[in-house]
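Worksheet: the structure to be examined is printed underneath.
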Amino acid sequence: MAIEECLVEWGITKVLSITVDNTSSNDVALQKLKGKIGNWDTSVLNGEHLHLRCVDHILNLIVKDGLSIFDGSISKVRSAVKYVRQSPAREMMFMECAKYERIETKRSLILDVDTRWNSTYQMLDVAEKYERAFDRYDTQDPGYKKHLKSGNVDGRPTSQDWVTIRKFALFLKFFYDLTCKISRTLYVTSNIFLHEIYAVHAILNEWTYGVDGQMVSIGREMLAKFNKYWGDPTKMNNLLFIAVVFDPKHKLQFMVYMLKHMYGKEVGGMIGKSLEETLYKMFNEYKTKMSKNNERDGAIEKRRDDNIGQVHPSQLLRMQFEKDIAMIQVMGVHRI
């Protein structure tokens with residue numbers, strides 16, 4: 001009801017789709033809203049493709065599973081970075097250690113927000129480059145070991161932690177770049193969503209059947225999450241498929257080819273057939289609307305002709321003046 005009220009208040013009657021996250025309450029809300037908007041007779045195919053699930057939200061769910069697997073090593077690095085960043089004196093000493101170790105990067109350590117995985121990626125991406133600096137800093141600041149110790153557990157990052165972090169940072173980079181790519185606001189992104197979803201599916205499959213045991217474990221966990229929230233093709237909005245079909249670089253044949261690679265020949269072929277039917281439905285709906293618009297324009301023109309005798313003479317002169325001006329502009333003549 002709140003969304004409906006906003007649309008009415010803003011004067012928005014033509015709604016193609018509404019993007020929301022995957023909570024069940026949104027499924028119910030969008031189903032109700034579809035009926036309301038359908039009554040406005042302005043939506044495409046009676047709002048059949050109104051509900052669009054947020055790609056960024058699904059990526060966040062997938063990545064958080066990976067974060068939980070590496071939480072131990074990530075927490076150690078986060079604590080080390082926080083300790084150094086707590087005072088300018090520590091930062092200065094740390095940078096001296098980095099200079100002594102001849103670390104070439106000029107980027108400063110970044111404090112992350114542990115609930116935002118993209119900031120965690122940025123923190124890890126910078127911190128792993130300073131591994132030798134952290135080791136040397138440990139010998140220069142006696143408070144470093146004491147501060148990071150928790151009970152009888154040494155909280156300083158070990159060499160194995162850095163190996164894990166480096167591997168995980170490379171893993172996160174793929175999702176970070178992907179999120180940046182599909183979240184742009186200055187150019188159209190709807191035609192690239194499905195390509196990136198396919199890329200995620202392919203990468204997770206590759207990890208699942210790889211030789212690295214740790215990445216195999218991550219791949220399985222994340223692929224299960226991917227399939228839960230995105231893998232069922234019946235829950236995907238056909239507009240994502242149609243956006244790729246409308247892209248001159250790909251068209252329908254490539255779209256069906258991609259679907260078969262993602263879901264197998266049988267399921268992919270079935271989705272491809274459904275997509276083709278949806279395209280024809282959409283085309284016919286627009287064709288009907290265009291025909292009605294032409295008929296309405298013709299009726300308006302006819303009524304104008306029928307009412308000529310009732311128009312004030314000065315208005316008739318004005319109409320003739322506008323026609324003459326239009327003709328002059330077309331002919332390129334600059335005098336009356």
Does the side chain of Asp27 reach to within under 4.5 Å of the side chain of Gln31, using non-hydrogen atoms?
no
side-chain contact (heavy atoms from CB on, under 4.5 Å) for Asp135 and Glu131? Distances and angles first, verdict last.
CA-CA 6 Å; Asp135 289 341; Glu131 177 185 355; 4.2 Å; yes
A quick test of your reading: do over 12 heavy atoms of other residues, nucleotides or ligands sit less than 6.0 Å from CZ of Phe254?
yes
So CG of Asn238 and OG1 of Thr278: to nearest 0.5 Å the spacing works out to 4.0 Å
Within a strict 4.5 Å, meaning less than it, do heavy atoms of the Met262 and Ile197 side chains meet?
yes
If you count every heavy atom of other residues, nucleotides or ligands that lies below 6.0 Å from Lys82 atom NZ, does the total exceed 12?
no
Could you tell me the separation between the NZ atom of Lys265 and the NZ atom of Lys260, rounded to the nearest 0.5 Å?
7.5 Å
Are the side chains of Phe175 and Val200 in contact, using a 4.5 Å heavy-atom criterion?
yes
Do Leu170 and Trp117 belong together in a cluster built from hydrophobic side chains that touch within less than 4.5 Å?
no
Heavy-atom side-chain contact between Leu111 and Met123 under 4.5 Å
no
Sorted by chain and residue number, the side-chain contact (heavy atoms from CB on, under 4.5 Å) partners of Met282 (sequence neighbours excluded) come out as Val44, Leu45, Leu239, Ile242, Tyr286
Considering non-hydrogen atoms only, spot the tightest contact between Pro157 and Trp162 and give its length.
CB-NE1, 3.6 Å
Rounded to the nearest 0.5 Å, what separates atom CE in Met1 from atom CD in Glu5?
5.5 Å
So which heavy atom on His51 is nearest to which on Asn26, and how close?
CE1-O, 4.4 Å
Do Tyr176 and Gln122 have side-chain N/O donor and acceptor atoms under 3.5 Å apart?
yes
Kindly say whether the aromatic ring centers of Phe134 and Phe94 come within a distance under 6.0 Å.
yes
Under 4.5 Å between side-chain heavy atoms, counting indirect links through other Ile/Leu/Val/Met/Phe/Trp/Tyr residues: same cluster for Val163 and Ile165 or not?
no
Transitive ILVMFWY side-chain link Leu252 to Val267, under 4.5 Å
yes
What pair of heavy atoms forms the shortest contact from Leu124 to Ala169, and how long is it?
CB-CB, 4.5 Å
Main-chain N/O of His49 paired to Asn237 side chain as donor or acceptor, under 3.5 Å:
yes
Given Asp161, Thr158, Asp154, the one that forms side-chain hydrogen bond (donor to acceptor under 3.5 Å, both in side chains) with Lys76:
Asp161
Kindly state whether the ring of His195 and the ring of His250 have centres lying under 6.0 angstrom apart.
yes
Once rounded to the nearest 0.5 Å, what's the spacing between atom OG of Ser75 and atom CG of Leu148?
11.5 Å
Is any side-chain heavy atom of Ile18 closer than 4.5 Å to one of Leu52?
no
Any chance you could measure Lys99, atom NZ, to Glu101, atom CD, to the nearest 0.5 Å?
13.5 Å
Report the relative orientation of the aromatic rings in Tyr83 and Tyr137; use parallel for angles under 30°, tilted for 30 to 60°, perpendicular for over 60°.
perpendicular
How far apart are the closest heavy atoms of Leu194 and Val244, and which atoms are they?
CB-CG2, 3.9 Å
Identified side-chain contact (heavy atoms from CB on, under 4.5 Å) partner of Met255 from the options Met258, Gln253, Lys251
Met258
Search all heavy atoms of Cys97 against all heavy atoms of Ala133 and return the closest pair with its distance.
CB-O, 3.9 Å
Kindly give the heavy-atom pair with the smallest separation between Glu91 and Val84, and that separation in Å.
CG-O, 3.3 Å
Is there a path of hydrophobic side-chain contacts, each under 4.5 Å between heavy atoms of I/L/V/M/F/W/Y residues, joining Tyr100 to Leu109?
no
Once the angle between the rings of Phe70 and Phe168 is folded into 0 to 90°, is it parallel (under 30°), tilted (30 to 60°) or perpendicular (over 60°)?
tilted
Scan Arg166, Arg107, Lys167 and name whichever one has a salt bridge (charged side-chain N to carboxylate O under 4.0 Å, His left out) with Glu128.
Arg166
Are the charged groups of Asp177 and Lys181 less than 4.0 angstrom apart, N to O?
no
Is any side-chain heavy atom of Tyr130 closer than 4.5 Å to a side-chain heavy atom of Val126?
yes
Tell me whether Tyr257 at atom OH has more than 12 heavy atoms from other residues, nucleotides or ligands lying less than 6.0 Å away.
no
Counting distance only, does the side-chain N/O of Arg78 pair as donor-acceptor with the main-chain N or O of Asp112 below 3.5 Å?
no
Check whether any side-chain N or O of Lys129 sits under 3.5 Å from a backbone N or O of Asp125 as a donor-acceptor pair, and report yes or no.
yes
Is there a side-chain contact between Leu7 and Thr13 in this structure, where contact means two heavy atoms from C-beta onward sitting under 4.5 Å apart?
no
So does Asp21 get a backbone contact from the side chain of Arg53, meaning a donor-acceptor N/O pair under 3.5 Å?
no
Any side-chain heavy atom of Val63 within less than 4.5 Å of one from Leu172?
yes
How long is the span from the CZ atom in Arg220 to the OH atom in Tyr209, to the nearest 0.5 Å?
8.5 Å
